[in-house]
Amino acid sequence: MSEHILIAVFLPTFFFVSITPGMCMTLAMTLGMSIGVRRTLWMMVGELAGVALVAIAAVMGVASMMLNYPQLFDILKWVGGLYLGYIGISMWRAKGKMANLDNTSSQISNRALMTQGFVTAIANPKGWAFMISLLPPFISVDQAIAPQLMVLLSIIMMTEFISMLAYASGGKTLKLFLSRGDNIKWMNRIAGSLMICVGLWLALG
């Protein structure tokens, strides 16, 4: 797969999934409202580090399996495709409610903010399952893994940061927008449709 095709398919898919309200985005919005966008950047640093770690571990683990057990790749493609389809259908059926988070004290340290973001990123099993399912179709074991991984990580880091910054900066306006169920519902449906399409492409490709 050429780099241009990869970006054209992966970027919008990951962007809509990233921007969809979840724990990390809700955390960014809550912190942005309680301690300000500037200090929330410390949480974002930790979250991005955690996401990068999950993505690298997922890609290297899957790539190693593909090299040593190529016969399992077809099974992985179908399992990954079915999982993404399941996620897509779940997004379509979601009622569109924001997660509730406790108010965060303005006295929290920068290190604690970084730790909070990091732990939130790596402790979510859905994040691991998503990375393992989504990333393999964009990695070719016939080419050097590192350059491909760098491109994917660049896209992931960019979309995650933009999404968290938007939530942290939006504050009360964004919360009011997202509190209307139909808005989150349509965001979920767009992301869900992309997940279903990528799942079909992965399983049948």
Side-chain angles (χ1 to χ4, degrees), residues 10-62 83 87 90-91 94-135 146 149-181 183-185 187-188 191 195:
F10 185 80
L11 197 155
T13 300
F14 194 85
F15 175 77
F16 275 107
V17 171
S18 179
I19 200 70
T20 301
M23 286 303 296
C24 288
M25 298 306 140
T26 308
L27 177 61
M29 184 178 69
T30 302
L31 290 176
M33 293 176 63
S34 60
I35 64 176
V37 177
R38 182 175 298 181
R39 294 208 60 216
T40 303
L41 291 173
W42 288 101
M43 183 280 292
M44 296 182 192
V45 171
E47 197 272 349
L48 291 175
V51 169
L53 179 62
V54 172
I56 292 172
V59 169
M60 298 309 294
V62 171
Y83 177 78
I87 293 296
S90 297
M91 287 182 170
K95 295 182 179 180
K97 293 182 178 180
M98 290 290 290
N100 292 320
L101 295 178
D102 295 331
N103 291 330
T104 304
S105 171
S106 59
Q107 302 301 316
I108 188 170
S109 68
N110 293 338
R111 178 178 296 182
L113 286 169
M114 291 179 64
T115 301
Q116 187 175 20
F118 183 79
V119 171
T120 300
I122 66 170
N124 184 0
K126 290 184 178 180
W128 284 90
F130 178 76
M131 289 293 184
I132 292 173
S133 300
L134 180 62
L135 295 181
L149 182 56
M150 288 301 297
V151 173
L152 292 177
L153 276 179
S154 297
I155 294 174
I156 290 171
M157 295 296 99
M158 177 184 68
T159 54
E160 278 286 296
F161 178 72
I162 291 174
S163 298
M164 285 191 295
L165 190 60
Y167 273 78
S169 302
K172 295 180 180 179
T173 301
L174 185 59
K175 185 175 183 179
L176 178 62
F177 173 80
L178 292 175
S179 66
R180 299 172 182 173
N183 292 330
I184 294 182
K185 180 173 69 176
M187 288 178 66
N188 283 336
M195 285 295 94

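Note: hydrogens, waters and symmetry copies are ignored here, and every other heavy atom, side chains too, is used.
Side chains of Leu48 and Phe118 form no contact here, defined as non-hydrogen atoms less than 4.5 Å apart. Side-chain contact between Phe161 and Leu41 is present, with heavy atoms from C-beta onward closer than 4.5 Å. Under the 4.5 Å side-chain criterion, counting only non-hydrogen atoms from C-beta, Leu31 is not in contact with Arg39. Inter-residue side-chain proximity for Thr120 and Glu47 is flagged as unmet; no heavy-atom pair is nearer than 4.5 Å. Counting heavy atoms from C-beta outward, Leu165 and Thr40 have side chains that stay 4.5 Å or more apart.
The two residues Ala28 and Met164 come nearest to each other via the heavy atoms CB-O, 3.7 Å. Taking each heavy atom of Val51 and Ala121 in turn, the nearest pair found is N-CB, 3.7 Å.
Looking at residues two or more places apart in sequence or on another chain, you find a side-chain contact (heavy atoms from CB on, under 4.5 Å) between Ile56 and Met60, Leu149, Leu153. Scanning for side-chain hydrogen bond (donor to acceptor under 3.5 Å, both in side chains) contacts around Glu160 gives Ser18, with sequence neighbours left out.
Atom CE of Met150 is separated from atom CD1 of Ile155 by 11.5 Å, given to the nearest 0.5 angstrom. Atom CZ in Arg111 sits 10.5 Å away from atom CH2 in Trp42 (nearest 0.5 Å).
The main-chain N or O of Ile156 is found under 3.5 Å from a side-chain atom of Thr159 such that the two form a donor-acceptor pair.
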